[in-house]
S.K.: 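Can you read through this structure? Questions will come right after.
First the proteins, then the strands, lettered A, B, ... as listed; each starts at 1.
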Amino acid sequence: MSMLKTLLPSFALLRSRWLGCPLALMLTSTWALAQDKRWGPGEPASDYGDRFYDLFWLITILVSVAFALVVVLLVIPVLRDRARPGHRASFDHGKSLHDKRLTAIISIVTFIVLDAWVLVIAMKDLREAYWAIPDAKDPQTYRVEVLAQQWAWNFRATGVDGEFGTADDILTINELVVPLNRPVSFNMTSKDVIHALFLPEMRLKRDVNPGAINEAWFKPIKEGDFTILCAELCGFAHYQMYGKLVVLEQGQFNEWEAEASRLASTAFDADDTEAHWAWDWQE
Amino acid sequence: MNTTGTIELHGDAPVDHAPRETGRDRVNATLGMILFIGSWTMAFGTLLLSFLVLRDKIAVWPPAGIALPSAPIAGFATLVLAASSVFVERASRSLALAPAVGADRRASFSSLWITGMLLGLGFALLQAWLWYDLILAGRTQTSGLYESLFFGLTWVHAAHVLVGLSLLGWALVGSKRGRYGPARRSFISNAALFWHFVGIVWLFLFLGFFVF
Amino acid sequence: MSSDHIHPEPTTFLRKHVFSTDHKVIAKQFLWFGLIWLGIGGIMAMMLRWQLANPGVPVPLLGGLLFPRTGGVIDPASYNTLFTMHGTIMIFLGLTPAMIGALGNWCIPLMIGARDMIFPTLNMLSFWAMFAGGAVGFYSLFVPLGATEAGWTGYPTLSTTVGGVGQGETLWAIAVFLIGASSIMGGINYITTVIRLRAPGMSWMRLPLTVWGLFLTSILNVLFVPVIGSAMILLVLDRVFGTSFYVPASIMSGGTGGDPILYQHLFWIFGHPEVYILILPAWGVVCDLLSFFARKPAFGYRTSVGSMVVITVLSAVVYGHHMFTTGLSAMLGESFMLLTMIISVPAEVLFFNWLHTLWKGSLRLTTPMLFAMSVIFVFGLGGLTGIYLATIGTDIFLHDTYFVVGHFHLTMAASALFGTFGAVYFWFPKMFGRMMSEKLGKWHFWLSFVPLVIVFCIMFISGYAGMPRRYYDHTSVEYLRPLQHLNVATSVAAFLLGAAQLIFVFNFIKSRWWGKPAPQNPWDVGTLDWTIETPVPHYNFKTIPVVQCGPHEFSNPVLGPDTDWIYQTEKLPD
Amino acid sequence: MRGISWQGLAVAFGALGLLTSLQTSDDDNPHARAPRGVSLVVTEGAYLRAPGADWFAERAKAEPGRFTHDATLAGGIGGWVDAKGEYWFVEMEEGEWVYNQWASPERLTAGRRDFVQFCSSCHGLEGDGYGRSAQHLRPTPRSFQQNKFKFTKVIADLPSDEALLAVIRRGLAGTPMLPWDLSDVQLLDIIQYIKSLSPEESGWRDVYSQVGDAIEVTEDPWVDIKERAIVRGREVYHGAASCHLCHPGYVTNEELRVIRKDPEGTTYRENLTYPALKDSEYEVLGRATKVMPPDFTWHQLRAGITTADLFQTIASGIKGTAMPQWKGALPDEDLWALAHYVEDLIVSYKDQRPERSAFMGGLRTSGDNR
């Protein structure tokens with residue numbers, strides 16, 4: 001207890017009943033926290049989603065150790081080296097060779113443990129996952145052109161003929177249907193302001209810029225309905241710019257694609273050139 | 001004040017009724033000005049960087065088939081501005097030499113300085129001509145990226161030309177009234193420095209728009 | 001022109017208290033200005049937290065006054081305005097004047113032994129440019145078609161007429177420009193003053209670290225604020241004159257147009273150094289305060305200075321980590337990731353030095369000391385979470401989620417704010433001639449520190465769970481609905497944090513006029529500012545002092561058993 | 001140097017005033033197009049049409065002294081101020097005006113501001129339905145110069161304020177028209193402004209046009225006998241109402257013949273199980289667009305999918321398209337039956353992919369439906 005007393009310079013405060021209110025509120029907030037059923041982004045639904053977990057927790061462990069060290073080193077002097085009669089601080093400018101060596105060693109260790117380690121893994125992840133955009137010519141690759149706008153996602157898929165800009169292009173707003181276990185490759189641009197395509201379950205986020213085409217990809221490994229969010233401020237209805245991502249097993253997907261394509265060709269109005277917005281696929 | 005800082009001052013804070021500029025003051029003022037110019041170099045560097053980045057977006061530079069600002073006028077303007085800088089610098093230096101060479105240097109300062117200013121004014125007029133020419137051809141800042149760049153950057157530069165000319169004018173009036181002179185010339189040398197800076201910025205704009 | 005020529009003390013009210021060229025008066029002006037804006041920005045934060053915790057419920061007290069057309073509910077546009085202006089105000093109108101303006105003006109001349117800033121008139125202009133910026137920014141809240149809504153980063157094309165046609169955004173850009181001009185003026189002044197007006201004997205390695213922090217900040221100010229100035233000029237040209245620097249041509253219809261990404265580059269070339277602009281003075285203050293109150297020399301003075309310099313340099317070349325999701329090329333992305341991570345090395349040296357300064361000291365846990373120590377904690381938390389964001393793999397998920405919000409609030413907001421609080425508590429006696437209440441100060445500290453850590457730690461959790469920032473209402477998306485509890489908890493803690501600041505306001509006002517008169521040197525500290533009497537006389541030093549030793553000669557054995565400190569003007573006994 | 005600071009400040013503020021006074025004008029704004037009709041400069045940020053300007057001008061000529069000046073200059077928008085200082089949005093006269101609403105200049109101004117802020121990115125600064133984000137968008141955002149609204153669920157051409165409010169509040173599912181979180185005050189102001197955008201002598205500015213009452217949700221006669229309602233609805237859909245002409249027919253040709261009691265050998269349109277693209281009156285860039293009637297088992301419906309919503313939508317028809325107003329043409333009982341039938345189609349097959357495939361596939365195997 002005496003340790004605790006030394007920890008809090010104004011320990012008397014604790015005995016004050018006034019502290020009860022904020023403490024109660026803090027307990028309330030902790031309780032509210034504990035009510036949450038979902039503390040993380042959920043299981044990844046894309047094949048590279050696990051990499052995010054692994055890297056995140058690796059960094060968390062490293063950072064926690066470093067932070068714990070800092071806190072311990074901060075608390076020990078508070079407990080041990082408080083000013084009191086007869087106690088005098090040791091006089092040390094930290095100029096000795098020993099100190100310099102220590103500084104250098106800690107720097108190098110920090111760099112290797114905290115930085116280089118993470119860096120190497122991160123680079124590997126990037127090259128094998130995020131930047132390994134699949135080959136568009138591969139028939140396995142499902143290509144989607146994304147045209148973002150205030151405040152909706154326009155998606156365009158090739159339809160059964162595999163060509164953009166034809167009558168059977170599947171056009172959807174705020175809803176994207178993709179096949180399971182096939183890489184989905186995006187070409188994205190925006191009509192007006194910057195948006196960001198955010199598929200939290202797929203661990204994918206990429207800005208969608210007007211006047212330029214950005215690429216992104218993921219490979220869904222789970223069937224079901226997922227979330228599409230916008231992650232870049234795009235005006236006051238930013239929070240309403242969300243959609244649904246549907247991952248279908250290949251057989252069902254083919255059926256869906258054939259029907260969607262057919263309906264799209266029905267709705268196609270060749271004279272209405274304004275409505276045709278596909279562009280040449282960009283690698 | 002003395003650099004060693006050991007003068008004992010008695011009573012209330014001392015008052016210096018006849019401010020004279022020491023060599024130390026001049027260094028202070030020049031250092032401040034150099035920092036300012038360094039800072040403004042970053043500002044114009046940013047504009048030039050933007051220029052390069054955006055220029056890179058246009059496949060053909062300058063864009064084909066549009067009216068361009070007249071290169072001969074711009075070239076002439078460059079020469080005028082360079083000459084102006086030379087005159088201003090000579091004027092500023094003549095002031096520095098004044099105590100050694102003689103009092104008539106002040107007259108020589110005035111004439112050189114005024115010549116520099118007039119040349120600067122000439123540059124401003126040529127610049128206006130460039131704009132006028134382009135606007136006559138139906139090109140304004142809203143016409144496209146090239147025009148945006150040309151008008152936008154030259155406007156910002158022209159604002160500095162105007163500030164520079166005001167500074168030169170202020171220095172001239174001050175020297176006529178005896179506020180600035182050989183003994184108190186850091187404002188004048190700083191104004192000259194700023195004017196050179198404005199000239200150098202123009203040089204880059206000229207190179208960017210008309211040469212490369 | 002020059003501060004070396006001493007002018008008589010002004011006698012008119014206007015010259016003495018309003019348009020004064022005295023650095024001490026300007027410092028106080030900056031302090032009041034900054035604190036008032038911190039208050040306004042804080043109230044905005046409270047309103048934001050209210051909306052997030054209770055979407056669509058009228059704001060109590062202020063709502064009916066501010067949002068009459070919606071019956072007190074914050075509408076989506078006002079919400080965007082609020083967070084935009086909260087960021088802008090806190091950074092440009094709160095911390096910048098309170099930290100750099102007030103602290104720099106107060107500390108630099110007094111700590112280096114100068115009678116005033118080297119360019120007093122420029123100094124005055126610096127404040128009034130800031131004031132004008134504040135006025136324009138405030139006015140922009142009330143213009144038709146809405147104030148700015150594009151976030152404090154003001155990314156085009158949302159900030160051009162494509163995203164908003166009102167005047168607010170234009171005025172916002174002009175306000176930022178004016179504030180930038182103020183920072184540049186201040187920076188030029190600080191740098192020249194430190195270079196030219198150090199008292200005899202005050203060598204570079206005898207400068208208090210506060211001055212070092214401010215000096216390096218000024219360098220960053222002078223070099224990088226012009227970049228945002230130019231970016232703002234282009235933005236204003238786009239908005240007002242219809243140029244197309246940032247407005248791109250459509251992919252589908254073609255034509256020539258500008259590049260919105262250009263703005264992001266320009267903004268972050270400035271924006272990243274801005275983080276260090278705010279944090280470096282706080283680091284300097286922390287270095288000094290830890291040494292002062294641990295009664296121990298600042299451990300590794302040279303390495304501390306060195307790491308601050310290295311960070312200053314690095315801050316200029318790491319800005320790309322703000323743009324990992326923008327579409328940077330792989331090569332650029334990896335380079336920026338590497339450079340960003342390198343920052344952890346000098347930062348770690350600073351931490352090591354801070355902790356070592358405390359080690360085996362004789363700690364006096366006064367309020368300034370508590371705030372200085374809390375910076376170690378808070379900045380540690382914020383800095384270490386920076387690694388997640390420096391790593392592209394994790395940043396891709398965490399970018400623009402609440403994780404980022406938590407991270408930068410802990411680093412640049414909370415650390416700089418706590419550094420500022422520490423500095424205010426520390427220099428208050430010299431500034432106003434009265435002591436601040438220690439008891440209230442400690443209340444303020446604990447009631448700020450604990451909720452603050454809670455607020456931003458919950459943000460890490462919600463960010464990790466994928467909650468995007470700048471959402472008006474997280475309950476609108478099914479995916480985010482289960483996380484609403486986190487928002488509620490954050491808000492509860494945030495209201496506590498906000499309420500705790502009332503203690504500070506009370507303490508500040510009460511102590512300013514009715515506090516205990518301060519002795520000349522209440523903290524037993526040897527830097528030059530404490531060698532002169534309180535209140536500080538006009539022109540500070542009747543005699544320019546001659547510096548004989550460093551600022552941190554605490555507990556030096558040669559001082560004998562009776563005292564553990566020595567003025568910088570005194571010679572260390574042999 | 002001391003003097004400079006004052007002048008400098010003055011100059012800085014002067015320049016500031018100058019800069020802010022020069023806002024983007026129509027010429028400078030690449031997104032604004034040449035305004036149609038009368039245009040007047042307004043102060044904040046954009047040129048906007050001033051509806052009613054010429055009407056009032058004529059009025060003013062006929063009655064000298066009645067109106068004093070253009071309210072646009074007085075901070076209002078699109079109206080005139082009379083000698084008494086009152087602002088007139090639309091003149092009330094002899095009770096012929098069905099919608100004799102009076103809107104204060106403050107209200108219209110507020111409405112215009114909110115419109116520009118919230119709506120103009122799609123509906124355009126002039127309310128012409130072609131803002132920057134409307135490019136390439138199908139279905140097109142409404143042009144408020146056309147006075148036609150699809151999903152307002154009213155009898156006549158023009159919807160009431162309440163109907164418009166409901167549309168904005170609900171949003172249009174499957175389009176970028178969001179359910180707007182604005183207050184009633186804001187939305188009603190916006191609505192007043194939208195009404196003022198009608199062109200000369202038409203829409204809300206036409207003496208003879210009528211603001212319709214909302215379709216009343218009558219009592220559902222099938223409430224306890226849903227199955228029978230669906231059977232009846234199927235008959236009406238393919239029989240009396242002939243919905244299958246535009247929407248898909250959810251029967252085989254043989255079944256259709258039976259329902260319609262047509263002689264053996266009658267053929268129906270090709271692709272009976274697919275919708276047919278239809279002309280509409282909605283113009284974009286001067287050209288009428290086509291609309292696709294929804295396949296209820298596939299497409300998202302814009303105006304709600306509860307039975308009551310469907311009843312109202314069917315009863316009111318969809319203005320400006322091939323979907324007529326069925327109220328009056330069919331007894332309410334049949335309208336309700338249709339609503340039940342459509343609801344059943346949605347519930348049973350939309351997003352139920354295997355069920356839908358089986359159902360539609362079964363219809364198509366007969367060959368002549370392909």
S.K.: Hey, can you tell me if A:F52 and C:F397 have their rings parallel, tilted or perpendicular (30° and 60° cut-offs)?
M.R.: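 Aromatic pair A:F52/C:F397 classed tilted.
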S.K.: Looking at C:Y155 and A:V193, would you say the former's side chain and the latter's main chain have a donor-acceptor pair under 3.5 Å?
M.R.: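 It does not hold such a pair.
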S.K.: Which one, C:G300, C:G380, C:G361, C:G327, leads in non-hydrogen pairs under 4.5 Å with chain A?
M.R.: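 The option with the most such pairs is C:G361.
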S.K.: Evaluate side-chain contact (heavy atoms from CB on, under 4.5 Å) for A:R203 paired with C:I396, printing each intermediate quantity in order.
M.R.: CA-CA 8 Å; A:R203 310 289 184 263; C:I396 283 180; over 6 Å; no
S.K.: Any luck finding a side-chain donor-acceptor pair between C:S476 and A:Y242 under 3.5 Å?
M.R.: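 No, no side-chain donor-acceptor contact under 3.5 Å.
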S.K.: Which one wins on heavy-atom pair count under 4.5 Å against chain A: C:A249, C:A330, C:A77?
M.R.: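 With the most close heavy-atom pairs to chain A, the winner is C:A330.
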S.K.: Tell me if a side-chain donor or acceptor on A:K205 pairs with a main-chain N or O of C:H399 at a distance below 3.5 Å.
M.R.: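 Yes, the answer is positive, given that a donor and an acceptor are paired below the 3.5 Å cut-off.
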S.K.: If you compare all heavy atoms of A:V70 against all heavy atoms of C:L355, which two are closest, and at what distance to 0.1 Å?
M.R.: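 That closest heavy-atom pairing would be O-CD2, 3.9 Å.
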S.K.: Quick check: does any side chain N or O of C:T157 sit under 3.5 Å from a backbone N or O of A:D192, one acting as donor and the other as acceptor?
M.R.: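 Checked: pair present.
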S.K.: Report the C-alpha distance between A:L55 and C:Y388 in whole Å, list the side-chain angles of each, state the deciding distance to 0.1 Å, and finish with yes or no for side-chain contact (heavy atoms from CB on, under 4.5 Å).
M.R.: CA-CA 9 Å; A:L55 202 53; C:Y388 296 94; over 6 Å; no
S.K.: Which heavy atom of C:F299 sits nearest to which heavy atom of A:G94, and what is that distance?
M.R.: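 In this case the closest contact between C:F299 and A:G94 is CE1-CA, 3.3 Å.
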S.K.: Mind ranking C:P248, C:S491, C:S362 by heavy-atom pairs under 4.5 Å with chain A and telling me who comes out on top?
M.R.: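 Top option by heavy-atom pairs under 4.5 Å: C:S362.
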S.K.: Does A:N209 reach the main-chain N or O of C:P260 with its side chain, forming a donor-acceptor pair under 3.5 Å?
M.R.: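 Side chain of A:N209 to backbone of C:P260, a donor-acceptor pair under 3.5 Å: no, none is there.
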S.K.: CZ of A:R88 to CG of C:D564: how many Å apart, nearest 0.5 Å?
M.R.: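 Here the rounded value is 5.5 Å.
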S.K.: So what's closer than 4.5 Å to chain C heavy atoms on A:R80: side chain, backbone, both or neither?
M.R.: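 For A:R80, the side chain is the part near chain C, not the backbone.
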S.K.: Tell me which of these, C:D259, C:L338, C:T303, has more heavy-atom pairs under 4.5 Å with chain A than the rest.
M.R.: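 The residue among C:D259, C:L338, C:T303 with the greatest pair count is C:L338.
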S.K.: Below 4.5 Å from any heavy atom of chain C, which atoms of A:Q150 appear? Answer side chain, backbone, both or neither.
M.R.: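 Looking at A:Q150, just its side chain touches chain C.
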S.K.: Given that the side chain runs from C-beta out, which part of A:T189 has a heavy atom under 4.5 Å from chain C: side chain, backbone, both or neither?
M.R.: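 For A:T189, the contact with chain C is made by the side chain alone.
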S.K.: Under 4.5 Å heavy-atom distance to chain C, tell me which part of A:I108 shows up: side chain, backbone, both or neither.
M.R.: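 Interface part for A:I108: neither.
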S.K.: Relative to chain C, which segment of A:I76 carries a heavy atom at a distance below 4.5 Å: side chain, backbone, both, or neither?
M.R.: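 The side chain, not the backbone.
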S.K.: Given that the side chain runs from C-beta out, which part of C:A500 has a heavy atom under 4.5 Å from chain A: side chain, backbone, both or neither?
M.R.: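 Contact with chain A involves no heavy atom of C:A500 at all.
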S.K.: Answer with side chain, backbone, both or neither: which region of A:Y53 has an atom nearer than 4.5 Å to a non-hydrogen atom of chain C?
M.R.: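 Only the side chain of A:Y53 comes within 4.5 Å of chain C.
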S.K.: Highest number of heavy-atom pairs under 4.5 Å with chain A: which of C:L358, C:T326, C:V345, C:T391?
M.R.: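 The answer is C:T326.
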S.K.: Specify the closest pair of heavy atoms between A:A89 and C:A294, including all atoms of both residues, with the distance to one decimal.
M.R.: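 That would be CB-O, 3.6 Å.
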S.K.: Give, as side chain, backbone, both or neither, the part of A:F198 having an atom under 4.5 angstrom from any heavy atom of chain C.
M.R.: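 For A:F198, the contact with chain C is made by the side chain alone.
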S.K.: CG/A:L233 to OH/C:Y471 distance, rounded to the nearest 0.5 angstrom?
M.R.: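 The distance works out to 10.0 Å.
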S.K.: Contact part of A:A216 toward chain C, heavy-atom cut-off under 4.5 Å: side chain, backbone, both or neither?
M.R.: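 Contact with chain C: none, neither part.
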S.K.: Side chains of C:Y472 and A:F236, heavy atoms from C-beta outward: is any pair under 4.5 Å?
M.R.: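 No; the side chains remain at least 4.5 Å from each other.
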S.K.: Considering only heavy atoms, which portion of A:N214 lies under 4.5 Å from any heavy atom of chain C: side chain, backbone, both, or neither?
M.R.: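 For A:N214, side-chain heavy atoms alone lie under 4.5 Å from chain C.
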S.K.: Measure across A:P77 and C:W359 and return the closest heavy-atom pair with its distance rounded to 0.1 Å.
M.R.: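 Nearest heavy atoms, A:P77 then C:W359: CG-CE3, 3.9 Å.
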S.K.: Which answer fits A:T227, side chain, backbone, both or neither, if we ask what part of it has an atom under 4.5 Å from a heavy atom of chain C?
M.R.: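 When you check distances to chain C, only side chain atoms of A:T227 fall under 4.5 Å.
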S.K.: Chain A heavy atoms under 4.5 Å from C:P156: which part of the residue, side chain, backbone, both or neither?
M.R.: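 For C:P156, the contact with chain A is made by the backbone alone.
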S.K.: Taking C:N80's backbone N and O only, do any of them form a donor-acceptor pair with A:H238's side chain (distance below 3.5 Å, no angle check)?
M.R.: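 Pair absent, no side-chain N/O of A:H238 close to backbone of C:N80.
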S.K.: Go through the atoms of A:L126 and report whether side chain, backbone, both or neither lie under 4.5 Å from a heavy atom of chain C.
M.R.: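 The answer is the side chain of A:L126.
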S.K.: Taking the side chain as every heavy atom from C-beta outward, state whether A:F111 and C:S344 have any atom pair closer than 4.5 Å.
M.R.: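 A:F111 vs C:S344: side chains apart.
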S.K.: Please name all residues satisfying ring pair (Phe, Tyr, Trp, His ring centres under 6.0 Å) with A:H93, sequence neighbours left out, ordered by chain then number.
M.R.: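 Partners of A:H93 by the ring pair (Phe, Tyr, Trp, His ring centres under 6.0 Å) criterion, ordered by chain and then number, come out as A:F91.
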S.K.: Enumerate the salt bridge (Lys or Arg N to Asp or Glu O under 4.0 Å) contacts for residues 466-475 of chain C, please, sequence neighbours excluded, ordered by first and then second residue.
M.R.: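 Sorted result for residues 466-475 of chain C: C:D400-C:R469.
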S.K.: Name the region of A:W131, side chain, backbone, both or neither, that has any atom closer than 4.5 Å to a heavy atom of chain C.
M.R.: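 Just the side chain, heavy atoms under 4.5 Å.
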S.K.: Which atoms of C:P297 are under 4.5 Å from chain A, going by heavy atoms: the side chain, the backbone, both sets, or neither?
M.R.: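 Both parts, heavy atoms under 4.5 Å.
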S.K.: If I measure from the heavy atoms of chain C, does A:T110 come under 4.5 Å with its side chain, its backbone, both, or neither?
M.R.: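 Contact with chain C involves the side chain of A:T110 alone.
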S.K.: Measure A:A196 against the heavy atoms of chain C and call it side chain, backbone, both or neither at under 4.5 Å.
M.R.: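 Neither part.
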